[in-house]
Structures are given as structure tokens and as C-alpha cells.
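For reference, the structure discussed in these notes is given below.
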Amino acid sequence: MSPRKRSRSSSISSSDSQPRKRQRSSSDGSEPDKRLKVYIVQAKLSADEVASLYALVDHHSVNESLDFELTPSPRDADVIVTAVHMRKRLERHIDWALAKEKPIVTPDWLFNSVSAGELLPCGKFAALSELHDETVHNCPDGDDDSDTAASSPPTDSLLHLRSPSQEPAASADLDWKSRYACCRASPLVCVNQHLVSRLAIIRRSRELEDDKISALSYDHAIGMIKSYPYELTEDRLNEVNSLPHIGPKMISRIEEYLDNGDIEEAETIANSQRYQSLEAFTDLYGVGATTARKLYAAGCRTFEDVERYYGVSYEDEAEEEADLDDGLKTEETDDLHLASQHNDRASQHNDRKPPRPLRFAKPKIPSITPRVALDLRDDLDQRIPREEVQEIFAVIVRELNAVRPGCVATIVGGYRRGKSLSGDVDIVIGHPNLSPTGKQVKGLSSRLVERLYERGLVTHLMYLSGFHAPDVTRAAHWDALEKALTVFVLPGGVRRRVDLIFAAPEAYWTAVVGWTGSKTFERDLRRWAAEQKELKFDSTGLTRRSNGELLVPTSEEDVFRLLGLGWVPPTLRNADA
DNA sequence: CCGCAATACA
DNA sequence: TGTA
DNA sequence: GCGG
Ligand SMILES: O=c1ccn([C@H]2C[C@H](O)[C@@H](COP(=O)(O)OP(=O)(O)OP(=O)(O)O)O2)c(=O)[nH]1
Ligand SMILES: [Mg+2]
Ligand SMILES: [Mg+2]
């Protein structure tokens with residue numbers, strides 16, 4: 001989202017970069033394609049285990065740093081995975097001379113590498129002890145021979161360097177003049193970034209003031225400028241003027257910017273008490289624009305005011321335990337509740353719905369209340385460095401594989417688009433092959449969250465979907481996704497928002513696309529699908545509008561193909577400011 | 001003039 | 001109304 | 001605020 005300011009202290013410090021002269025390296029340093037070829041010896045593996053391994057490998061998986069590929073021939077393999085431990089047994093599948101030239105590892109090497117987010121040293125995973133030395137020598141871990149073993153800086157090197165740059169080149173038919181963000185290439189930082197960040201202030205103000213349509217217009221204009229490949233100058237005005245979503249109003253904004261190096265309204269807004277207060281209030285989880293305006297109208301200007309308003313700290317939480325999660329609890333001062341229960345009276349007295357949605361097991365996981373949100377603020381308003389995102393991801397994958405081995409997971413959200421700091425961690429979890437309607441994932445959501453909670457890794461649960469009473473009135477396959485929105489903490493660490501999205505196999509790739517963003521990119525994907533292709537796209541799937549037929553993509557690229565779109569790598573989906 | 005992404009859940 |  |  002937008003750069004969060006350190007609220008609190010005044011200092012206006014507009015630290016935005018000035019109009020750039022810097023050339024962005026156009027070639028975008030893509031790698032010479034380092035896909036690691038994996039050969040899997042099926043012997044001694046159950047069908048399930050084989051399927052799991054194939055799933056891991058086949059879906060290049062986990063994050064962009066690891067890129068596997070199945071190979072049908074051991075001779076072409078960079079690594080051979082087997083559960084066989086004896087020479088005689090292995091020789092039935094692989095020529096011994098060949099075996100000595102390859103790293104021969106156990107399936108655990110693959111799982112653990114995926115968990116760690118990097119290729120691990122093979123030593124501990126040698127499948128045959130008598131080939132241990134050869135295996136170590138041929139191991140694809142780290143960089144060839146330099147053998148810094150990658151063990152000292154555990155989850156770094158490979159990952160950190162490779163993730164921001166992206167893999168396959170963007171499709172040729174991207175067009176910066178298109179009116180859909182999903183047809184354009186939008187880098188994280190564009191050549192006119194300073195202008196973009198000024199427009200973003202106006203946009204944000206419109207949003208806070210509940211002028212959604214105006215905000216949308218600025219979203220569109222910002223998106224156009226983000227993908228405009230030239231530095232804006234007077235002589236480009238004509239060209240820019242002819243761009244979609246750039247009308248008279250936006251042109252006047254741009255002209256003002258070119259003349260004065262800034263936009264006055266943006267400056268005024270940014271300096272206004274109201275804007276600063278509203279912006280700060282919405283940093284509180286559960287406080288949106290509407291609530292922020294109400295707080296402001298109630299006289300609040302600073303966080304101290306809000307704390308007072310909601311009843312200051314301490315608040316013995318003795319009575320907190322007693323009440324159940326969704327019975328309304330008249331909390332806080334009479335007027336402003338954070339978004340919460342607005343049970344229409346109908347269901348209030350009516351015992352229609354399942355009396356107990358089968359409450360999450362034993363010790364209830366704390367949910368979010370206004371007080372909790374205030375307590376969490378100091379942690380949650382800190383943004384998350386990439387390295388920590390990877391760390392959190394590795395832990396979650398580790399726990400996930402304990403709960404359901406063979407799952408595939410991908411970090412999505414801003415991280416995947418290359419942001420160096422993220423507001424939260426978004427993870428899509430799937431089990432790409434196997435089982436028609438996600439029997440593998442259903443219910444996984446609560447099981448994983450329970451486990452994380454028991455281990456002290458999840459402290460709060462603000463949202464959990466996935467239990468379904470036999471409610472008939474469910475149109476599409478909305479149950480193709482389960483979500484858990486959590487507060488997660490590594491031992492001794494800062495508490496972080498972590499979103500877990502569990503996808504049924506047929507929804508896995510649309511979920512990846514749907515959760516990679518950016519937000520404007522997503523809206524335009526849906527618009528494109530509807531307006532140009534008579535398709536309906538959302539993170540649960542892609543359907544034909546005529547007959548509702550479900551189109552099931554087999555890869556992320558396939559999602560774009562089915563939509564009739566050129567490939568846009570995640571790092572070029574940054575259509576928002 | 002009308003539509004602008006999408007939609008279940010708390 | 002807020003959330004992804 | 002803009003596109004159709
Ligand atoms: O209204 C929304 C909000 C989110 N998303 C998708 C796109 C977005 O990229 C993704 C993850 O949402 P999140 O709020 O985590 O945003 P982000 O892009 O990951 O940025 P941040 O670094 O703030 O988490 O979910 C939508 O499609 N519509
Ligand atoms: Mg995110
Ligand atoms: Mg998120």
C-alpha cells in the first residue's frame with residue numbers, strides 16, 4: 001500500500017525521491033535460466049509421497065528463488081531424489097557409474113530446501129552413505145564450489161539476490177497505452193515516481209473522505225503513469241494527453257507539476273491536520289475511513305485521543321475471558337465500535353444458524369477487539385523486511401508439512417512484486433495435484449492455525465473461514481478457498497500480520513494471481529475479463545459468463561493465456577503508487 | 001448518462 | 001463497516 | 001474523473 005509514516009512525531013519530512021534522472025536498467029538482469037533438473041526415483045515411495053514430490057518440483061514452487069523442473073532421465077538430472085538407501089536397490093534404476101556423478105539425496109532434502117527457501121547442502125541428506133562424498137561434491141547448493149556452505153547465513157544469499165529481479169521476460173505485447181493495467185508493465189518504482197506519489201496523496205484523501213469514484217480515477221491515472229516509460233516533460237504532454245484515463249483534470253494536474261515541481265492541493269492535503277489524523281487512525285487494524293472520520297468528528301486528533309476514547313490501557317482483562325466470540329459484547333464507549341458484529345436482529349433471536357459454528361478447539365485464540373488493536377499497533381505498523389518475510393514463510397512451511405506433507409506454498413502479495421518492505425505476509429497454500437475438490441485442503445486452515453497457536457507462533461486470529469454448514473445457497477465454488485488472517489510472531493520478534501490462503505487444487509493458480517496484486521492490477525484483470533472476454537475472474541476461479549463453465553488453469557502463465565493476456569511478471573504488476 | 005472488481009465473513 |  |  002502506501003508508505004506509512006511514523007505517525008507520532010510531527011516532522012513533515014517529505015522524503016520522496018525527486019524527479020528521477022536515473023536510467024532504469026532496461027534489461028532487468030534476468031538470469032540465464034537456472035532451473036534445477038530433478039529426477040525422482042519412484043521405487044520405495046508411496047503414491048502419495050511421489051505425488052507430493054512431483055507437486056513440489058513441478059510447480060517450480062515456493063518462491064521465485066527456487067526453480068525446479070522434473071526430468072524424465074537421470075542422466076539429465078542435476079539432482080536425484082530417492083528413498084532407496086542400498087546400492088543394489090538403486091542400481092535397478094540408475095547406472096552406478098552415473099550415480100557417482102550425481103548428488104543422490106533423500107526426499108527430505110527437497111522438502112527442507114523448499115522450507116528453507118534455498119538449496120540446502122546435501123551432506124545430511126545423502127541417500128546412500130557410500131555415495132556421501134560424491135553427493136556432497138556434486139551438490140547444487142549455494143554457488144558452485146565456493147562452498148561457503150550457505151549454512152552460516154542460513155536463509156539468505158540465493159533468495160535475497162534473486163527475488164526482486166524476475167524470471168521470464170515480460171510478454172512482448174504489453175502496451176503502455178492500454179487502458180487495462182493488466183496489459184501494461186508497471187514497475188515498483190517508475191521514472192515519474194515523484195509525480196505518482198503526489199497524485200497518491202490526493203487519491204488517498206479522496207478515499208478517506210469517502211469519494212470512492214474520484215479515488216478510482218486517481219488510481220487509474222496513477223496506473224497509467226506508472227507504466228509510462230518516459231520521463232515526463234513538456235514535449236511529452238501531447239502524448240500523455242492522449243492516454244486513456246488521463247483527461248482534462250489529470251492533464252492540468254500534470255501541467256502544474258511540470259511547472260512548479262509539485263501539486264498544490266497535494267501539499268495542502270498532506271499538511272492538513274485532518275488528513276494526518278485520518279491517515280493515522282486507519283493504521284489501527286479494524287479502523288477504516290468511516291470510523292476514522294467519526295473519531296475525528298468526536299474530537300480525536302492523535303492516538304492519545306483515540307486511546308482515551310476507547311478506554312485507556314491496562315483494563316484488567318479478567319472479564320475478557322468469559323464472553324464468547326460472537327455474542328455481541330457492548331465494548332468500549334457507547335458510540336464507536338470497530339467493525340464488528342452487526343447481526344441483524346433476524347438472526348439474533350432465531351436459532352436458525354448452526355448454534356455453534358463448531359468453535360475452534362480448546363483454548364480459544366484471541367480475536368481482535370478495539371483494545372487489542374491498540375495494543376498491537378506498535379508492532380503492526382512496522383513494515384516487514386524481505387528477509388523476515390522469508391523467515392516467517394520458512395517456519396510456516398515447516399509447520400504446514402507437519403500437518404499435511406506435500407503441500408505447496410508461495411509467498412504472494414507485495415513481497416512477490418518485489419517490495420523491499422511489506423505490510424504483511426501473504427501466503428497461498430495448495431496441494432496442486434491430487435483429489436478433485438480439495439479434500440486435501442479442506443479443514444487444513446484450522447488445523448494449521450491451531451498448531452501455530454499451540455506453539456505460540458500465532459497470537460491472534462481475526463478471521464477464519466472454512467467451516468461450512470450444509471448451507472445450500474452457495475453459488476459458485478466459494479469454498480475453493482479458505483482464509484486465515486492471523487497475527488504471527490517469531491520467538492522474541494515483532495508481531496506481524498500473516499494471511500494464509502488455502503486453495504483447492506483447481507483454484508490454486510487463480511489464487512496466486514488474485515493475491516499477488518497489486519490491487520489496481522486485480523481490478524483491471526476483472527474488468528478485462530468481463531469487458532473483453534466475457535469471462536469472470538476472481539481468486540477462486542475463472543469462469544465463462546455464458547454457461548458458467550469453470551476454466552482450470554495449470555500454471556500461472558496459463559491464467560494469463562486463458563484470459564487472452566500476455567504474461568506480466570509479478571514485479572511488473574505494481575500498478576499502484 | 002451509466003458503470004467503475006470482487007464477495008464471504010466477522 | 002472493515003478486511004483480503 | 002474518465003470511457004463508451
Ligand atoms: O481490496 C483488495 C485488497 C487486496 N487484494 C489482493 C491484491 C493484493 O496485492 C493482495 C494482498 O493484499 P494486501 O493488503 O496484503 O496488499 P499487498 O499488495 O500485499 O501490500 P502490503 O505490502 O501492504 O501487504 O490481495 C485485492 O484484490 N483487493
Ligand atoms: Mg500483503
Ligand atoms: Mg494481506
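Computed from heavy atoms alone, side chains included, the values below leave out hydrogens, waters and symmetry copies. Sequence lines set the chain letters: A, B, ... in the order given, protein chains first and strands last, and positions in each chain run from 1.
- The phosphate of dG2(C) has OP1 or OP2 within less than 4.0 Å of a side-chain N or O from Thr291(A).
- Between the CD1 atom of Ile269(A) and the CZ atom of Arg203(A) there is a distance of 11.5 Å, given to the nearest 0.5 Å.
- Listed candidates were dA4(C), dT7(B), dG1(D). Nearest to the side chain of Asp538(A) is dT7(B).
- Taking side-chain N and O atoms only, Arg527(A) has no distance below 4.0 Å to OP1 or OP2 of dG3(D).
- Picking from dG3(D), dG1(D), dA6(B) the nucleotide with the shortest atom distance to the side chain of Arg526(A) gives dA6(B).
- Using a 4.0 Å cut-off, some side-chain N or O of Lys249(A) falls inside it from OP1 or OP2 of dG1(D).
- For His460(A) and Phe488(A), the ring centers sit 6.0 Å or farther from each other.
- Atom pair Lys212(A):NZ and dA5(B):P shows a separation of 13 Å (rounding to whole Å applied).
- Under 4.0 Å is where a charged nitrogen must lie from a carboxylate oxygen, and between Glu279(A) and Arg204(A) at least one such pair does.
- Using a 4.0 Å cut-off between a side-chain N of Lys or Arg and a carboxylate O of Asp or Glu, Glu522(A) and Arg573(A) do not qualify as a salt bridge.
- Distance Glu482(A) CD to dA10(B) C1': 16 Å, rounded to the nearest Å.
- The nucleotide whose nearest atom lies closest to any side-chain atom of Lys536(A) is, among dA5(B), dT7(B), dT3(C), dT7(B).
- A straight line from CD of Glu531(A) to C1' of dC4(B) spans 8 Å, rounded to a whole angstrom.
- Put simply, CE on Met462(A) is 13 Å from P on dA10(B), counting in whole angstrom units.
- For Ser217(A) and dC4(B), the shortest distance from a side-chain N or O to OP1 or OP2 is not below 4.0 Å.
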